[in-house]
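For reference, the structure is listed below as structure tokens.
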Amino acid sequence: QVQLVESGGGSVQAGGSLRLTCAASDSNYAMGWFRQAPGKEREFVAAITWSTYYADFVKGRFSISRDNAKNAVHLQMNSLKPEDTAVYYCAAKSGPLSGRLLAAGLSYDYWGQGTQVTVSS
């Protein structure tokens, strides 16, 4: 059982930046970030394997990276907008994962508890 712990959430004004970190208890092939705003369904944000993948609405603003030595993944969020307000969840998959499956929450085996990001206008 892989444990995932997110950190780095908080409150920021529009245009600001936050850096989320997900620390995993073991190595994983694919790691992703999802988010869920109040009253909305969970949605894919970004994922990383040997490459990076982004939802269209974060391209050019968010950047995902990983630190393999620490079994960690980071999500650098710049130019934040009020509509980015949500609980952000880290997810991990031990086995191979690629293509459109990276954007599907059901593809992942492990989830963190989430970290709140609030962007005010």
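Below, each value reflects all heavy atoms present in this structure, side chains not excepted, and no hydrogens, waters or symmetry copies.
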Side-chain contact, heavy-atom cut-off 4.5 Å: [X] with [Y]?
{"X": "Ser65", "Y": "Gln76", "value": "no"}
{"X": "Gln116", "Y": "Thr85", "value": "yes"}
{"X": "Leu75", "Y": "Arg19", "value": "no"}

When clusters are formed by joining ILVMFWY residues with side-chain heavy atoms under 4.5 Å apart, either directly or through shared neighbours, do [X] and [Y] land in the same one?
{"X": "Leu18", "Y": "Tyr89", "value": "no"}
{"X": "Val73", "Y": "Val117", "value": "yes"}
{"X": "Val87", "Y": "Val12", "value": "no"}
{"X": "Leu102", "Y": "Val45", "value": "no"}
{"X": "Val2", "Y": "Leu97", "value": "no"}

Does [X] use its side chain to pair, donor to acceptor, with the backbone of [Y] at less than 3.5 Å?
{"X": "Glu6", "Y": "Cys90", "answer": "yes"}
{"X": "Asp67", "Y": "Ala69", "answer": "yes"}
{"X": "Thr118", "Y": "Ser11", "answer": "no"}
{"X": "Gln13", "Y": "Ser121", "answer": "no"}

So which atom in [X] and which in [Y] form the shortest heavy-atom distance, rounded to 0.1 Å?
{"X": "Pro82", "Y": "Ser120", "value": "CG-C, 4.5 Å"}
{"X": "Lys93", "Y": "Asp109", "value": "CD-OD2, 3.2 Å"}
{"X": "Asp84", "Y": "Arg61", "value": "OD2-NH1, 2.7 Å"}
{"X": "Gly32", "Y": "Tyr108", "value": "N-CE2, 3.9 Å"}

#### Entry: Side-chain donor-acceptor pair present, His74, Thr21, cut-off under 3.5 Å
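Yes, Thr21 and His74 have a side-chain donor paired with an acceptor closer than 3.5 Å.
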
### Task
Indicate whether the side chain of Ser27 and that of Asn71 have a donor and an acceptor atom separated by less than 3.5 Å.
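Ser27 vs Asn71: no donor-acceptor pair found between side chains.
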
### Task
Answer yes or no: is there an ion pair linking Lys59 with Asp56, defined by an N-O contact shorter than 4.0 Å?
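A salt bridge links Lys59 with Asp56.
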
### Met31: which of Leu4, Ile64, Thr49 passes side-chain contact (heavy atoms from CB on, under 4.5 Å)
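Single pass found, and it is Leu4.
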
In Å, rounded to the nearest 0.5 Å, how long is the span from [atom1] of [X] to [atom2] of [Y]?
{"X": "Asp26", "Y": "Gln1", "atom1": "CG", "atom2": "CD", "answer": "11.0 Å"}
{"X": "Arg35", "Y": "Thr115", "atom1": "CZ", "atom2": "OG1", "answer": "14.0 Å"}
{"X": "Cys22", "Y": "Tyr88", "atom1": "SG", "atom2": "OH", "answer": "15.0 Å"}
{"X": "Tyr29", "Y": "Ser94", "atom1": "OH", "atom2": "OG", "answer": "12.5 Å"}
{"X": "Phe62", "Y": "Leu80", "atom1": "CZ", "atom2": "CG", "answer": "5.0 Å"}
{"X": "Met77", "Y": "Trp33", "atom1": "CE", "atom2": "CH2", "answer": "8.0 Å"}

### Query
Distance under 6.0 Å and angle within 45° of the ring axis: does Arg42 meet both against Trp111?
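Judged by the rule, Arg42 and Trp111 form a cation-pi pair.
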
### Query
Pick one: which of Phe34, Tyr54, Tyr53 meets ring-ring contact (aromatic ring centres under 6.0 Å, His included) with Phe44?
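Exactly one pass, corresponding to Phe34.
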
